[in-house]
Amino acid sequence: MATDIQKLIGTSEEDDDEEMDMDVKEEDDEDEENGGKNIAAQIMAGGGGGMASNNSDNQFQHQQQFQEQVTTPAGGARRSRPLEEKERTKLRERHRRAITARILAGLRRHGNYNLRVRADINDVIAALAREAGWVVLPDGTTFPSRSQGSRPAGGTSAAVTSSSSHLVSQQTPPASLRGVSPGYQTSVEYSTCSMKGVFMPNPSPYDLSASTQPQIPAVVGEGGEQTESNLHIGGSMDIINDKQIVDIPPIPKLPERDFAGTPFIPVYVMLPLGVINMKCELVDPDDLLKQLKVLKSANVDGIMVDCWWGIVEAHTPQEYNWSGYSRLFQMVRELKLKLQVVMSFHECGGNVGDDVCIPLPHWVAEIGRSNPDIFFTDREGRRNPECLSWGIDKERVLRGRTAVEVYFDYMRSFRAEFDECFADGIISMVEVGLGPCGELRYPSCPVKHGWRYPGIGEFQCYDQYLLKSLKKTAEARGHPFWARGPDNAGFYNSQPHETGFFCDGGDYDGYYGRFFLNWYTRILVDHGDRVLSLAKLAFEGTQIAVKVFIGGTRQPVMLLN
């Protein structure tokens, strides 16, 4: 009996070479047997319908012809397998198994797949299906985790595992049972498993030795179902041993944007730039609601929208109008979507992709007409009103406030206005604008000033506030004559090799060039540090993001802790 069990479950596994030799030998034996049958049939046919021939010469001739058919590969009666072909078969099998071993090793190592040593294609498919969010039962039944109703009904099912050929009956335990191995788990427990593709074999009477576990014969019941004799739901715990009991810790709630180890990727859809007009009203609320419902039906996580400084604080300092955004956020809340908002402190219009015009607040434009140095300025003295110069970050030129204080008051007003959305988790992330197009960069390539790709652009440091900072830094270094911008850096559409500053071996690599570029970069970094430190204070506990512009491309959003 023990020998039969060992044969059944394959406890004594052979080496790869022995298995291949046995396969080849079995094929040869089968060929010999088939060949012998064919020879016998042909001899009987040649003897006149099964009667022996009295003519010994004719019988000898028949046997000689059949012998030639056996020894000739083209005869078809028997296939000859020379030694070289057997070796080639072994090499192909070894090569195939080596590839399979590498695939399984890669899934275990890099994909966190808990595959057994003798895993086959069924185990791999089941692991991939579980990673995709499907539920795979031990008997191979597969269905989406959200469609629990589609699971086949019934408390008993025959489970066929890929590791053995025997059938093991499976019964569903009472609802009060907890911590039972997957052979007894429900579909909900499968879908919430924290490890991808976990394989845990079904309970089997062959898992234990005869001295510790009584053998339970399997019988076929009514309707073709396979059950175990004298096994009932109430007594199913009698055969559960320590190997079948596993600790199932509660699955912690994933914090926002922490999707490590899951196939889930949050998807947010950007709303049009002009969804809210200059009066801070929704342009077409009915059509917008229809579009939001379409997005909801597509199972997106939420939407992303710009909160324009030029709309909310348009006319008077520190007077904020959030009415249009309040109505929009209420729609989002009712549809149970989430929000990613952008604090947009720049002008909209004049850049690639801009189909609306949203200028800076009117009161800021009035200050700019009397003091144009609040805007970035190029070497020819041309102003860029797309955003405020970083030179006034600490200058009280905006009705008694600095630029950084203006940004902070705006963010603090938004946080107070939509406190419920933050408390309920509706607003999942806040992106803070730091420059032109909301990106942390200089407006060095303005289309309105004639720039065209692939021009290098121009330095934007010629307003009085940045020049004052440059002069102060140069004097602190003991080189007051360095308090100037490069005069050989070309124009907006120049190429690097055409300039004396950026060409190979140019001034950028000299003492002055390194000093200037270090100061120019430090101004940018300091601006980002100041604004983001206040943003973190205003939006404490919320994810904060920024956009950067590196190497001529917009880089993905950077998350800040």
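Counting from 1, the numbers follow the sequence of the chain as shown. What you are looking at is a predicted structure, and each value in this text was computed from that prediction instead of being measured.
- Ionic pairing of R412 and E405 is not present here: no N-O contact between side-chain nitrogen and carboxylate oxygen is shorter than 4.0 angstrom.
- The backbone N or O of S323 lies less than 3.5 Å from a partner atom in the side chain of N321, making a donor-acceptor pair.
- A tilted orientation is assigned to the rings of F515 and Y512, their planes being inclined by 30° to 60°.
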side-chain hydrogen bond (donor to acceptor under 3.5 Å, both in side chains) between Y465 and N371, worked out: CA-CA 11 Å; Y465 302 103; N371 182 14; 2.9 Å; yes
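- Annotation: the span from M331 atom CE to K293 atom NZ amounts to 9.5 Å, rounded to 0.5 Å.
- Remark: E281 pairs with no residue by the salt bridge (Lys or Arg N to Asp or Glu O under 4.0 Å) rule, at least two apart or across chains.
- By the ring-ring contact (aromatic ring centres under 6.0 Å, His included) test, Y453 is found to be paired with no residue, residues two or more places apart in sequence or in another chain being considered.
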Go through it in stages, so that I can follow the logic: the residues are I426 and F329, the test is side-chain contact (heavy atoms from CB on, under 4.5 Å), and I'd like the CA-CA distance, side-chain angles, deciding distance and then a yes or no. CA-CA 9 Å; I426 303 297; F329 291 3; over 6 Å; no
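- Within the 4.5 Å cutoff, the side chain of I358 has no heavy atoms near those of the L273 side chain.
- The distance from atom CG of D373 to atom CG of L466, rounded to the nearest 0.5 Å, is 9.5 Å.
- Partners of A129 according to the side chain to side chain contact (heavy atoms under 4.5 Å, CB included) rule, which considers only residues two or more places apart in sequence or in another chain, are W134, V136.
- Look at E386 and R441 and you find no salt bridge, because none of the NZ, NE, NH1 or NH2 atoms lies under 4.0 Å from a carboxylate O.
- Aromatic ring centroids of Y520 and Y442 lie under 6.0 Å apart.
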Worked verdict on H346 versus W308 for ring pair (Phe, Tyr, Trp, His ring centres under 6.0 Å): CA-CA 8 Å; H346 61 281; W308 295 100; 5.1 Å; yes
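- Here the CZ-CZ distance, from F516 to R484, works out to 9.5 Å after rounding to the nearest 0.5 Å.
- Distance check: K394 NZ to I392 CD1 gives 13.5 Å after rounding to the nearest 0.5 Å.
- In this structure, D487 does not pair ionically with R379, as no charged nitrogen and carboxylate oxygen lie closer than 4.0 Å.
- Note on K290 versus D287: no salt bridge recorded, every NZ/NE/NH1/NH2 to OD/OE distance being 4.0 Å or above.
- In terms of the side chain to side chain contact (heavy atoms under 4.5 Å, CB included) criterion, residue partners of A483 (sequence neighbours excluded) are, by chain and number, K471, A474.
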Give the C-alpha distance, both sets of side-chain angles, the deciding distance and a yes or no for side-chain hydrogen bond (donor to acceptor under 3.5 Å, both in side chains) between S469 and W519. CA-CA 9 Å; S469 173; W519 167 83; 3.3 Å; yes
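- Here R327 pairs with nothing under the salt bridge (Lys or Arg N to Asp or Glu O under 4.0 Å) rule; sequence neighbours left out.
- Using a 4.5 Å heavy-atom cutoff, the side chains of V341 and V305 are in contact.
- Note on ring orientation: taking the six-membered ring where Trp is involved, the planes of F539 and F422 are parallel (angle under 30°, cut-offs 30° and 60°).
- The environment of CD in E420 is sparse: at most 12 heavy-atom neighbours from other residues, nucleotides or ligands sit within 6.0 Å.
- For E380, the CD atom sits in a packed shell: over 12 heavy atoms of surrounding residues, nucleotides or ligands are nearer than 6.0 Å.
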E313/H362 under side-chain contact (heavy atoms from CB on, under 4.5 Å): CA gap, chis, key distance, verdict: CA-CA 9 Å; E313 197 180 359; H362 298 306; over 6 Å; no
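- Between D306 and M270, some side-chain heavy-atom pair lies under the 4.5 Å cut-off.
- Residues F418 and F414 bring their aromatic ring centres within 6.0 Å.
- Annotation: side chain of V364 is in contact with side chain of W309 (closest heavy-atom distance under 4.5 Å).
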In sequence, state the C-alpha distance, the side-chain angles, and the governing distance for H449 and D378, and then conclude on side-chain contact (heavy atoms from CB on, under 4.5 Å). CA-CA 10 Å; H449 291 166; D378 62 14; 4.0 Å; yes
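- Looking at heavy atoms from C-beta onward, Q543 lies out of side-chain contact with S428 at the 4.5 angstrom threshold.
- Checking T377 against R383 by side-chain atom types alone, a donor-acceptor pair falls below 3.5 Å.
- A 6.0 Å sphere centred on OH of Y492 holds more than 12 heavy atoms belonging to other residues, nucleotides or ligands.
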Evaluate D463 against I374 for side-chain contact (heavy atoms from CB on, under 4.5 Å), listing each step before the verdict. CA-CA 7 Å; D463 62 81; I374 66 173; over 6 Å; no
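- Residues passing the side chain to side chain contact (heavy atoms under 4.5 Å, CB included) test with D504: none are found, sequence neighbours excluded.
- Contact of the L271 side chain with the L328 side chain is registered, since non-hydrogen atoms from C-beta on lie closer than 4.5 Å.
- The distance from atom NZ of K536 to atom CE of M411, rounded to the nearest 0.5 Å, is 13.5 Å.
- Using a cutoff of 4.0 Å between basic side-chain nitrogens and carboxylate oxygens, R415 and D419 are scored as salt-bridged.
- Between R530 and D393, at least one side-chain nitrogen of the basic residue sits less than 4.0 Å from a carboxylate oxygen of the acidic one, meeting the salt-bridge criterion.
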Under the criterion side-chain hydrogen bond (donor to acceptor under 3.5 Å, both in side chains), I'd like the reasoning laid out for S413 against W322: C-alpha separation, chi angles, the key distance, then a yes or no. CA-CA 9 Å; S413 172; W322 300 103; 3.1 Å; yes
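- Using a 4.5 Å heavy-atom threshold, the side chains of E366 and R399 count as touching.
- You'll find the side chain of F375 stays beyond 4.5 Å of the side chain of S389, heavy atoms only.
- The ring of F345 has its center closer than 6.0 angstrom to the ring center of Y407.
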